[in-house]
Number of protein chains: 2
Amino acid sequence: MSDQVCCPTIVPVLDQPLLDQELATLCKALSHPARVKLIRIMLAQSGCVGQDLVSALGLAQSTVSEHIRILKEAGLVDAENQRPKVCYSVNEAKLKRYQHLLADALG
Amino acid sequence: MSDQVCCPTIVPVLDQPLLDQELATLCKALSHPARVKLIRIMLAQSGCVGQDLVSALGLAQSTVSEHIRILKEAGLVDAENQRPKVCYSVNEAKLKRYQHLLADALG
DNA sequence: TTCCTATATCGTCGATAGACGATTAATGTC
DNA sequence: GACATTAATCGTCTATCGACGATATAGGAA
């Protein structure tokens, strides 16, 4: 048991493994600068075709596609098929949820 | 060049590689549930000794130490030496900066 | 049908993450 | 001095990430 100076009592912090996991997963999705930029671009123009994202990032098409996949998997990005193109856009609800979780967990 | 339906014009999104990187780095620090929980615990009791964190997480001491190191490296956690113990606490300023960055970049 | 375009997926590679046990370093205590 | 306690570091292992080129897939256009 630890003592006085810095933490006199051990506050029982609620175990919230699901929330910890959800927040961590969302953070992970944004843990790469390319993915942050993707979100910024999509927000700025309310949806964007993949080709333009490839140009904007200056990475290989397969690499950008993979970043988009990760964002979709986290629920942060939606894809609307307009064959042969695809329109990607930010899922605003998920973004809000993310910020809510953050505010909730981290004050 | 892409056309009409989903993104009529290509909005020139400001290149902000430093901000993208900073936000991504902070997100990465929180991209593991154990680290989210560490922050939650530290916030709940305004500082905490390592031993208690080890008990709370149920992971090996070396593993917890590594998670703490990552949080310190991101600037999210400060350590105050109280030999032989160490008191860890959340750097509130950095936390605020994180939320500010998020709000700024992601609306 | 035969191309062309746009996106997704596959396979590969090197780098990094995450876990652990063992060890080290720094103190306080006996 | 010998010992116990606490945290940091080291070494090792497996798993995952991030990049790329090559290929597959699905439509539209000629």
Side-chain angles (χ1 to χ4, degrees), chain A residues 1-7 10 17 20-21 24-39 41-42 47-74 77-89, chain B residues 1-7 10 17 20-21 24-38 41-42 47-74 76-89:
Chain A
M1 199 53 67
S2 45
D3 53 43
Q4 309 70 22
V5 190
C6 98
C7 37
I10 306 302
D20 289 342
Q21 182 61 65
T25 298
L26 285 168
C27 285
K28 190 167 194 172
L30 291 175
S31 71
H32 192 291
R35 294 197 286 271
V36 172
K37 187 170 184 183
L38 282 174
I39 295 285
I41 295 174
M42 289 181 201
C48 197
V49 146
Q51 181 71 2
D52 297 332
L53 297 171
V54 171
S55 319
L57 291 194
L59 294 172
Q61 179 268 326
S62 56
T63 304
V64 174
S65 179
E66 172 69 2
H67 283 305
I68 293 171
R69 190 192 63 75
I70 290 169
L71 291 170
K72 280 195 294 182
E73 193 169 277
V77 161
D78 295 322
E80 186 196 344
N81 222 314
Q82 298 173 348
R83 292 283 181 190
K85 300 182 180 180
V86 178
C87 174
Y88 305 102
S89 56
Chain B
M1 196 56 64
S2 43
D3 53 41
Q4 310 70 20
V5 191
C6 99
C7 37
I10 305 303
D20 289 342
Q21 181 61 63
T25 298
L26 285 167
C27 285
K28 189 168 194 171
L30 290 175
S31 72
H32 193 290
R35 295 198 285 273
V36 171
K37 187 170 185 182
L38 281 173
I41 295 174
M42 288 180 201
C48 195
V49 146
Q51 181 71 3
D52 297 332
L53 297 173
V54 171
S55 318
L57 289 196
L59 294 172
Q61 179 268 326
S62 55
T63 304
V64 175
S65 179
E66 172 69 3
H67 282 306
I68 292 171
R69 189 192 64 74
I70 290 168
L71 290 171
K72 279 196 295 183
E73 194 170 275
L76 284 168
V77 160
D78 296 323
E80 185 197 343
N81 222 317
Q82 299 173 348
R83 290 284 181 190
K85 301 181 180 180
V86 177
C87 173
Y88 305 103
S89 56

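Atom set for the values below is all heavy atoms of this structure, side chains included, hydrogens, waters and symmetry mates excluded. In what follows, every chain begins at residue 1, and chains take the letters A, B, ... in the order their sequences are listed.
Taken to the nearest 0.5 Å, the NZ atom of A:Lys37 stands 12.5 Å off from the NE2 atom of A:His32. Taken from CG in A:Leu53 to NE2 in A:His67, the straight-line distance is 11.5 Å, to the nearest 0.5 Å.
Considering only side-chain atoms of A:Ser65, the nucleotide from D:dA7, C:dT7, C:dT9 that sits closest is C:dT9. Closest approach to the A:His32 side chain among C:dA8, D:dG18, C:dG18 is made by D:dG18 (side chain taken as heavy atoms from C-beta onward). Checking D:dA19, C:dT16, C:dT9 against the side-chain heavy atoms of B:Lys28 singles out C:dT16 as nearest.
For B:Asp52 and D:dT5, the CG to P distance is 15 Å, given to the nearest whole Å. Look at CD on A:Gln21: it is 14 Å from C1' on C:dG18, rounded to the nearest Å. Atom pair A:Leu38:CG and C:dT7:C1' shows a separation of 14 Å (rounding to whole Å applied). The CG atom of A:Asn81 sits 19 Å away from the P atom of C:dT5 (whole-angstrom rounding). Rounded to whole Å, the distance from CD1 on B:Ile68 to P on D:dT9 is 12 Å. Rounded to whole Å, the distance from CD on B:Gln82 to P on C:dG28 is 12 Å. Here C:dA8 presents its P atom at 12 Å from CD of A:Gln51, a figure rounded to the nearest Å. Taking atom CG of B:Leu71 as the reference point, atom P of C:dG18 lies 11 Å away to the nearest angstrom.
For the residue pair B:Ser55 and B:Gln51, no side-chain donor N or O sits within less than 3.5 Å of a side-chain acceptor on the partner.
In this structure, the side-chain contact (heavy atoms from CB on, under 4.5 Å) partners of B:Gln61, at least two apart in sequence or on a different chain, are B:Val54, B:Ser65. By the salt bridge (charged side-chain N to carboxylate O under 4.0 Å, His left out) test, B:Asp20 is found to be paired with A:Arg40, residues two or more places apart in sequence or in another chain being considered.
Taking side-chain N and O atoms only, B:Lys85 has no distance below 4.0 Å to OP1 or OP2 of C:dG28. Under 4.0 angstrom from either OP1 or OP2 of C:dA17 there lies no side-chain N or O belonging to B:His67. For C:dT7, the OP1/OP2 oxygens have no side-chain nitrogen or oxygen of A:Arg69 closer than 4.0 Å. The side chain of A:Tyr88 places an N or O atom within less than 4.0 Å of a non-bridging phosphate oxygen (OP1 or OP2) of C:dA8.
Tested against B:Leu38, the residues B:Ile70, B:Ile68, B:Leu76, B:Val77 include a single side chain to side chain contact (heavy atoms under 4.5 Å, CB included) partner, B:Ile68.
For the pair A:Pro33 and B:Ala24, the tightest heavy-atom approach, listed with the atom from each and the gap, is N-CB, 3.4 Å.
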Nucleotide N/O to protein N/O under 3.5 Å, stretch nucleotides 20-24 of chain C:
from	atom 1	to	atom 2	distance (Å)
C:dC20	OP2	B:Ala60	N	3.2
C:dC20	OP2	B:Thr63	OG1	2.8
C:dG21	N7	B:Ser62	OG	3.2
C:dG21	O6	B:Ser62	OG	3.1

